[in-house]
Amino acid sequence: MGFLRGGLVLFILLCSFEKSFGSRKTRHLKWDVEYMFWSPDCKENVVMGINGQFPGPTIRAKAGDTISVLLTNKLHTEGVVIHWHGIRQVGTPWADGTASISQCAINPGETFDYRFIVDKPGTYFYHGHFGMQRSAGLYGSLIVDVADGETEPFHYDAEFNMLLSDWWHQSVHHQEVGLSSKPFRWIGEPQTLLINGRGQFNCSLAAHFSNTTSTNQCNLRGNEQCAPQILRVLPNKTYRLRIASTTALASLNLAVGGHKMVVVEADGNYVQPFQVEDIDIYSGESYSVLIRTNQEASKNYWISIGVRGRRPQTPQALTLLNYAPTSASKIPFSPPPITPTWNDYDHSKSFSNKILALMGSPKPPRNHDRRIILLNTQNLIDGFTKWSINNISLHLPSTPYLGSIKYSLKTAFDNKSPPENFASDYDVMKPPVNPNTTTGNGVYMLPLNTTVDVILQNANALEVNVSEIHPWHLHGHDFWVLGYGEGKFTKEDEKKFNLKNPPLRNTAVIFPFGWTALRFVTDNPGVWAFHCHIEPHLHMGMGVVFAEGVQHVNGIPNQALACGLTGNRFMKTTQN
Ligand SMILES: *[C@@H]1O[C@H](CO)[C@@H](O)[C@H](O)[C@H]1NC(C)=O
Ligand SMILES: *[C@@H]1O[C@H](CO)[C@@H](O)[C@H](O)[C@H]1NC(C)=O
Ligand SMILES: *[C@@H]1O[C@H](CO)[C@@H](O)[C@H](O)[C@H]1NC(C)=O
Ligand SMILES: *[C@@H]1O[C@H](CO)[C@@H](O)[C@H](O)[C@H]1NC(C)=O
Ligand SMILES: *[C@@H]1O[C@H](CO)[C@@H](O)[C@H](O)[C@H]1NC(C)=O
Ligand SMILES: *[C@@H]1O[C@H](CO)[C@@H](O)[C@H](O)[C@H]1NC(C)=O
Ligand SMILES: *[C@@H]1O[C@H](CO)[C@@H](O)[C@H](O)[C@H]1NC(C)=O
Ligand SMILES: [Cu+2]
């Protein structure tokens with residue numbers, strides 16, 4: 001009797017457990033990272049692949065799931081880490097995958113268990129975050145569906161995933177040496193733009209529409225590594241395109257010939273739906289757009305991606321929207337959509353300003369506790385070209401901050417707090433009067449439960465009348481984008497902040513000679529990188545580090561600490 005009753009209670013407990021947590025899974029993955037031959041753009045090269053794939057495998061999970069990636073470094077001579085871009089890592093800051101910040105790089109032959117919860121549905125991706133390994137091809141998609149029983153606030157019949165990147169023929173090692181040489185050698189524009197790791201160099205899928213005889217028509221059978229993935233659709237349906245950009249450099253614009261797009265998600269957050277002909281997407285961003293297949297089904301349509309914000313020297317990336325039952329080999333009747341002029345910033349700003357939070361999204365606190373103004377400048381150190389933030393070019397320490405701050409290892413990095421503003425007489429419209437700057441690795445220490453405003457202030461680079469686009473990405477958080485403006489930010493500009501429905505994002509761009517205002521609340525103990533997502537810019541020092549309530553972080557795995565000064569400490573404690 002007692003046994004039966006006990007059994008019944010256990011049964012009821014199990015049922016209720018199933019109900020609340022039953023759908024939450026741990027998804028176990030085993031990955032090997034290695035260099036391999038691949039032909040991303042029909043020209044064979046060396047890429048950094050995962051389990052023999054490029055791009056790496058797509059992770060698909062449901063909100064609330066735990067992801068466990070047992071990552072083994074099969075590179076022979078360098079460390080590796082992987083960052084899960086857009087995942088906030090609440091409670092697991094050591095799994096953020098930033099070398100020198102959240103963990104020690106994983107040495108050749110070693111394995112690290114990245115274990116974290118994906119708490120929010122959305123379109124995300126992952127990528128290397130050590131040296132310039134993202135440029136070497138270490139990336140893939142991470143898609144989080146709504147939890148069982150939940151629904152998205154929009155309807156669609158099916159979806160496609162489009163991970164966008166840019167590709168150079170020169171090796172990443174060659175690129176890194178060039179960037180850190182005197183005089184500096186710029187990497188130049190990419191040879192090819194890739195969609196899901198596929199592009200075509202020295203031939204065009206749409207050569208017929210070109211008036212130059214130098215453009216060859218691609219001659220692909222369809223099974224090549226560089227053959228485009230065609231989006232096969234049925235008429236009169238709604239498709240969700242999940243678009244993410246992990247480019248090293250290029251700002252992109254995407255359009256679907258003959259079809260309008262309705263933007264519904266940005267960086268894993270729902271936005272108020274709005275319709276556009278094309279979207280701009282910067283490195284580090286993601287969007288979901290809906291398209292309706294309401295065009296003539298007897299034709300195919302181009303999907304085209306082109307470069308913005310820099311004088312383009314890279315052909316458009318193309319693929320086809322193929323309506324069943326039309327043959328995919330049928331060339332569309334009109335040329336691919338034309339990318340808006342590279343320096344038509346009004347077009348870009350108009351798009352950015354349309355992005356607003358969906359009704360019911362969390363609203364920002366009305367006031368800030370602290371305001372950090374970050375001036376972005378291009379500089380020189382002993383003749384080496386750098387990027388700096390408030391006159392400091394970030395040079396990461398050998399001991400990761402998470403461990404060194406947790407264990408108060410004061411000699412691990414510069415304890416002086418970096419500047420929170422810049423000289424009021426600095427003219428952002430002119431090249432720096434004195435271009436000289438210094439390297440540093442100080443940290444902005446942020447107490448918990450603080451509302452922080454960050455004003456990103458763009459400026460003139462070293463060359464007269466040149467100011468570049470920088471997409472800034474924050475780890476560990478989404479921030480509200482309160483506004484964009486021209487010239488130097490002033491106290492007056494604060495009145496124009498959008499506190500009503502600013503979008504939550506993890507990446508926001510600063511336009512040339514402009515500023516962007518962000519707000520976030522320090523509610524996630526950890527050490528978080530905040531940096532320009534352009535790979536060579538970060539490599540040249542364009543980033544800062546925020547430390548947030550690190551004393552509340554418990555359970556850092558020893559493996560994340562096994563280098564630098566924390567490495568010594570870890571060895572001592574295990575010997576005792
Ligand atoms: C481009 O393709 C043409 C024709 O297929 C070939 O002759 C030429 O060598 C190629 N150029 C490069 C740079 O690969
Ligand atoms: C090719 O030339 C025709 C006629 O001059 C022009 O209408 C068309 O826009 C051109 N196409 C491209 C891709 O330049
Ligand atoms: C799609 O819908 C349109 C209008 O609703 C209709 O005219 C057309 O026949 C439909 N096409 C197909 C293939 O169902
Ligand atoms: C900048 O540093 C260089 C040495 O790297 C020096 O020659 C130059 O005078 C400095 N410029 C200024 C304006 O201080
Ligand atoms: C950066 O540092 C140099 C050298 O100390 C100084 O002359 C210059 O004014 C500083 N620039 C800014 C933007 O603060
Ligand atoms: C955070 O700070 C606000 C006011 O600054 C206070 O009302 C609130 O209780 C604090 N929350 C926590 C969790 O400490
Ligand atoms: C920079 O821009 C200003 C204003 O548009 C112009 O007067 C000046 O000639 C430009 N200078 C150079 C070097 O291009
Ligand atoms: Cu940048």
Side-chain angles (χ1 to χ4, degrees), residues 17-31 50 53 55-69 82-92 95 97 114-127 139-164 195-196 229 231-234 237-246 261-273 279 281 284-293 357-362 477-478 503-507:
F17 183 79
E18 271 294 304
K19 212 167 174 191
S20 46
F21 303 108
S23 59
R24 298 193 176 176
K25 287 204 178 82
T26 298
R27 299 189 188 253
H28 293 276
L29 302 165
K30 260 176 89 17
W31 286 2
I50 298 174
Q53 288 173 246
T58 294
I59 300 180
R60 187 118 208 168
K62 286 185 181 160
D65 284 353
T66 297
I67 307 288
S68 159
V69 177
I82 289 187
H83 167 59
W84 316 92
H85 186 111
I87 308 300
R88 290 168 297 170
Q89 301 292 354
V90 177
T92 52
Y114 283 105
R115 192 178 282 257
F116 55 91
I117 293 173
V118 288
D119 57 351
K120 208 154 55 76
T123 305
Y124 306 103
F125 53 103
Y126 60 83
H127 60 79
Y139 46 73
S141 298
L142 198 179
I143 308 295
V144 182
D145 288 307
V146 290
D148 283 340
E150 305 280 317
T151 51
E152 304 272 15
F154 42 82
H155 162 84
Y156 55 100
D157 298 298
E159 64 173 67
F160 294 99
N161 196 25
M162 300 176 80
L163 182 63
L164 313 180
I195 308 174
N196 294 330
Q229 275 172 358
L231 278 55
R232 294 174 203 279
V233 295
L234 297 171
K237 301 250 182 252
T238 301
Y239 291 88
R240 176 181 193 170
L241 306 184
R242 294 179 179 270
I243 304 158
S245 174
T246 184
M261 296 181 275
V262 175
V263 181
V264 292
E265 180 215 339
D267 299 355
N269 294 289
Y270 298 124
V271 301
Q272 237 171 67
I279 67 161
I281 179 165
E285 294 185 330
S286 67
Y287 290 103
S288 282
V289 302
L290 303 179
I291 58 168
R292 182 83 193 150
T293 48
L358 185 67
M359 221 200 292
S361 306
H477 289 276
D478 288 329
L504 270 170
R505 306 200 65 162
N506 61 55
T507 305

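FYI, the numbering just counts along the sequence from 1. Computed from a prediction, not measured in an experiment: that's the story for all the values here. Computed over heavy atoms, backbone and side chain alike; hydrogens, waters and symmetry mates excluded.
The shortest side-chain heavy-atom distance between Tyr287 and Val271 does not fall under the 4.5 Å cut-off. Looking at heavy atoms from C-beta onward, Ile281 lies in side-chain contact with Ile243 at the 4.5 angstrom threshold. Counting heavy atoms from C-beta outward, Ile195 and Leu164 have side chains that approach closer than 4.5 Å. Between Pro273 and Leu358 the shortest side-chain heavy-atom distance falls below 4.5 Å. Taking 4.5 Å as the limit, every side-chain heavy atom of Phe154 sits out of range of all side-chain heavy atoms of Thr238. Using a 4.5 Å heavy-atom cutoff, the side chains of Ile87 and Ile67 are not in contact. Within the 4.5 Å cutoff, side-chain heavy atoms of Tyr239 are placed close to those of Leu234. Proximity of Lys30 to His28: side-chain heavy atoms (C-beta onward) are nowhere separated by under 4.5 Å.
Aromatic ring pairs are classed by plane angle as parallel below 30°, tilted from 30° to 60° and perpendicular above 60°; the pair Trp84 and Tyr126 is tilted. Aromatic ring orientation, His85 versus His83: perpendicular (interplanar angle above 60°, classes split at 30° and 60°).
Here the CH2 atom belonging to Trp31 is positioned 4.5 Å from the CD1 atom belonging to Ile50, to the nearest 0.5 angstrom. A distance of 9.5 Å separates CZ of Arg88 from NE2 of His477, quoted to the nearest 0.5 Å. With values rounded to the nearest 0.5 angstrom, Arg240 atom CZ is found 5.0 Å from Glu265 atom CD. Between Ile291 atom CD1 and Leu241 atom CG the span is 4.5 Å, to the nearest 0.5 Å.
Closest approach of Asn196 to Pro55, counting heavy atoms only: O-CD, 3.4 Å. Shortest non-hydrogen contact noted between Tyr124 and Gly268 is OH-CA, 3.6 Å. Of all non-hydrogen atoms in Leu231 and Met162, the two that sit nearest each other are CD2-SD, 4.3 Å. Of all the heavy atoms in Ser286 and Thr123, the pair that sits closest is OG-O, 2.8 Å. What you find for Phe125 and Gly284 is that their closest heavy atoms are CZ-CA, 3.8 Å.
Arg505 pairs by the salt bridge (Lys or Arg N to Asp or Glu O under 4.0 Å) definition with Asp267, Glu285, not counting sequence neighbours. Tyr139 meets the side-chain hydrogen bond (donor to acceptor under 3.5 Å, both in side chains) test with Ser165; sequence neighbours excluded. Under the salt bridge (Lys or Arg N to Asp or Glu O under 4.0 Å) criterion, Asp157 pairs with no residue, sequence neighbours left out. Under the salt bridge (Lys or Arg N to Asp or Glu O under 4.0 Å) criterion, Arg115 pairs with Asp113, sequence neighbours left out. Listed by chain and residue number, Lys120, Asp478 satisfy the side-chain hydrogen bond (donor to acceptor under 3.5 Å, both in side chains) test with Asn269 (two or more places apart in sequence, or in another chain).
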Apply side-chain contact (heavy atoms from CB on, under 4.5 Å) to residues Phe160 and Val233 and explain how you reach the verdict. CA-CA 10 Å; Phe160 294 99; Val233 295; 3.7 Å; yes
Stepwise side-chain contact (heavy atoms from CB on, under 4.5 Å) check, Val69 with Ile82
CA-CA 10 Å; Val69 177; Ile82 289 187; over 6 Å; no
What pairs of donor and acceptor atoms, side-chain ones from residues 56-66 against any protein atom, are under 3.5 angstrom apart with sequence neighbours left out?
from, atom 1, to, atom 2, distance (Å)
Arg60, NE, Asp145, OD2, 3.0
Arg60, NH1, Glu159, OE2, 2.9
Arg60, NH2, Asp145, OD1, 2.9
Arg60, NH2, Asp145, OD2, 3.3
Arg60, NH2, Glu159, OE1, 3.4
Arg60, NH2, Glu159, OE2, 3.0
Lys62, NZ, Asp148, OD1, 2.8
Asp65, OD1, Lys25, N, 3.0
Asp65, OD2, Arg27, NE, 2.6
Asp65, OD2, Arg27, NH2, 2.9
Asp65, OD2, Lys62, N, 2.8

